[in-house]
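Here is the structure we will look at.
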Amino acid sequence: MAVNASPMYQKAEERYRCATSPQEKLDALQEMLRLVPKHKASEKVQQQIKERIKKTKEQVGKAAKTGSGQQHDPMSVPRQGAGQVLLLGAPNVGKSSIVGALTKAKVEIAEFPFSTHAAVPGMAHHEDVPIQLVDAPPVMDGHPQPGMTNAIKKADAVLLVIDLSAIELIDQFEQCVALFGEHGMQPVSTAELDFGDDHEDGVMGIEEDEHEAKLLPKRVLVVANKMDAPGAMENFETFKELTETDLTLLPISATTGEGLPEMMAALFGMLNVIRVYSKRPGKPADKESPFILPVGGTVDDMARHVHNDVAENLKHARIWGGTVHDGQQVTGHHVLTDGNVVELHV
Ligand SMILES: Nc1nc2c(ncn2[C@@H]2O[C@H](COP(=O)(O)OP(=O)(O)OP(=O)(O)O)[C@@H](O)[C@H]2O)c(=O)[nH]1
Ligand SMILES: [Mg+2]
């Protein structure tokens, strides 16, 4: 019997599948238990999650005792904003320059390769949506730095950077693409991800052994940097012809800024989220800090973001913007769209 899990639940489950430490798994599982629909059809799923929480708590306890969970990972960055986007690419392609152009992060930019040694996060924006970019050390001859593949798994999307002025352009691109397959992932450019899971049991992949799991789809946007360099656009055309890649490609220049707004818009689209604004009765909408919800998120999901008490006591909401009449009254199940203004009534 189908459980009809919400997009928020699916997002938590995606985080569970991408988690690389017992603590991250535990956090995601607890979120899943909180969000799973509580009805008869989902009892089996709830039980499975509870059992997995019990096992994972034991793993967390063991890791704490042996100290194995305590090592510092220079590639590990806590997620902030609407999503975390990791930069991936060969040496000297301009990864740090892109992060430097769009955020206040202190990145190392140099004419020589291997100038970046650890992950450096910075907050970029698409309109009023904050999106976290994470600068990373380069992939050399297809070999990632330690911690890099875990960082790719954890990121919501990957920005694969290629250098239109580099002779090894195609090799560098293909080595980066190969990394995904070698580490159980499949690069995709579409926002809609098909995990190919069994919806019959409601919960997706929870009983699966990680090693037997199918390839994990990973959203990837390819940016062809240095479009300002001599001959760059000819190289771009040749690159497209020779690689025939299905991944979305965007020419950009970190130096001139060309293509960067389009890149941020494409990343926003890829994160599969919407922004909604809260409003108090009789007051204007708070446009300062939008709430970020997965596409398909409901009024109830937004209420949960505000406070669990608000979600539990919600009577109805009034909505402005999108396809509804201004100020229309809706229930907690109403699916919100990007840009909605929501007044919660408890
Ligand atoms: N012409 C041009 N040069 C660029 C552009 N972006 C970066 N560069 C130059 O490319 C060189 C390498 O830039 P970085 O940003 O350090 O490259 P990186 O990919 O971070 O390098 P590693 O950290 O060593 O992997 C620097 O000399 C930059 O000034 C661009 O859009 N156009
Ligand atoms: Mg760098």
Side-chain angles (χ1 to χ4, degrees), residues 73-77 84-126 131-152 155 157-180 183 187 220-240 243 247-267:
D73 175 1
M75 285 304 298
S76 175
V77 172
Q84 185 176 76
V85 179
L86 184 80
L87 279 85
L88 176 74
N92 226 34
V93 294
K95 300 178 293 300
S96 302
S97 303
I98 294 168
V99 178
L102 291 165
T103 77
K104 294 192 178 106
K106 290 195 171 49
V107 289
E108 289 283 342
I109 299 170
E111 280 168 27
F112 50 85
F114 298 102
S115 45
T116 304
H117 301 284
V120 180
M123 199 58 83
H125 285 85
H126 163 66
I131 297 176
Q132 185 183 43
L133 300 183
V134 182
D135 188 17
V139 172
M140 185 60 191
D141 295 333
H143 300 299
Q145 310 273 326
M148 188 73 178
T149 44
N150 275 349
I152 296 175
V158 170
L159 197 59
L160 201 170
V161 187
I162 55 172
D163 178 351
L164 290 176
S165 71
I167 301 164
E168 324 83 333
L169 169 65
I170 291 178
D171 278 354
Q172 290 178 342
F173 169 74
E174 282 174 352
Q175 283 164 358
C176 286
V177 169
L179 271 186
F180 290 90
H183 293 89
V220 175
L221 175 66
V222 183
V223 284
N225 191 31
K226 309 197 188 180
M227 68 184 287
D228 59 289
M233 291 320 281
E234 288 85 343
N235 292 346
F236 186 51
E237 291 309 317
T238 315
F239 173 84
K240 281 197 284 191
T243 60
L247 296 171
T248 304
L249 301 168
L250 271 183
I252 62 160
S253 166
T255 304
T256 66
E258 210 175 338
L260 293 183
E262 290 81 358
M263 180 189 100
M264 290 309 299
L267 285 178

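Every number for a ligand or one of its atoms is a count from 1 in the order of the listing. All figures in this text were calculated on a predicted structure; none of them were measured in a lab.
Using a 4.0 Å cut-off between a side-chain N of Lys or Arg and a carboxylate O of Asp or Glu, Asp135 and Lys95 do not qualify as a salt bridge.
Contact annotation: Gly89 has no heavy atom less than 4.0 Å from any atom of ligand 1. Residue contacts with ligand 1 include Ala110, since one of its heavy atoms falls under 4.0 Å from the ligand.
With a 4.0 Å cut-off on non-hydrogen atoms, Thr116 touches ligand 1 through its backbone as well as its side chain.
Scanning the protein for heavy atoms near atom 21 (O) of ligand 1, the closest one is Asn92 N, 3.1 Å. When only non-hydrogen protein atoms are considered, atom 29 (O) of ligand 1 lies nearest to Ile109 CG2, 4.2 Å. In terms of protein heavy-atom proximity, atom 2 (C) of ligand 1 is closest to Thr255 OG1, 3.3 Å.
Protein N/O/S atoms closer to the Mg ion (ligand 2) than 2.8 Å number 2 in this structure.
Considering backbone and side-chain N/O of Ser97, one or more are found under 3.5 Å from N/O of ligand 1. Here's the thing with Val93: one of its N/O atoms is less than 3.5 angstrom from an N/O atom of ligand 1. Looking at Phe114 next to ligand 1, an N or O pair under 3.5 Å apart turns up. Checked against a 3.5 angstrom limit, the closest N/O atoms of Ala229 and ligand 1 fall outside it.
Atoms of ligand 1 lying under 4.0 Å from at least one heavy atom of Pro91, given by number and element, are 25 (O).
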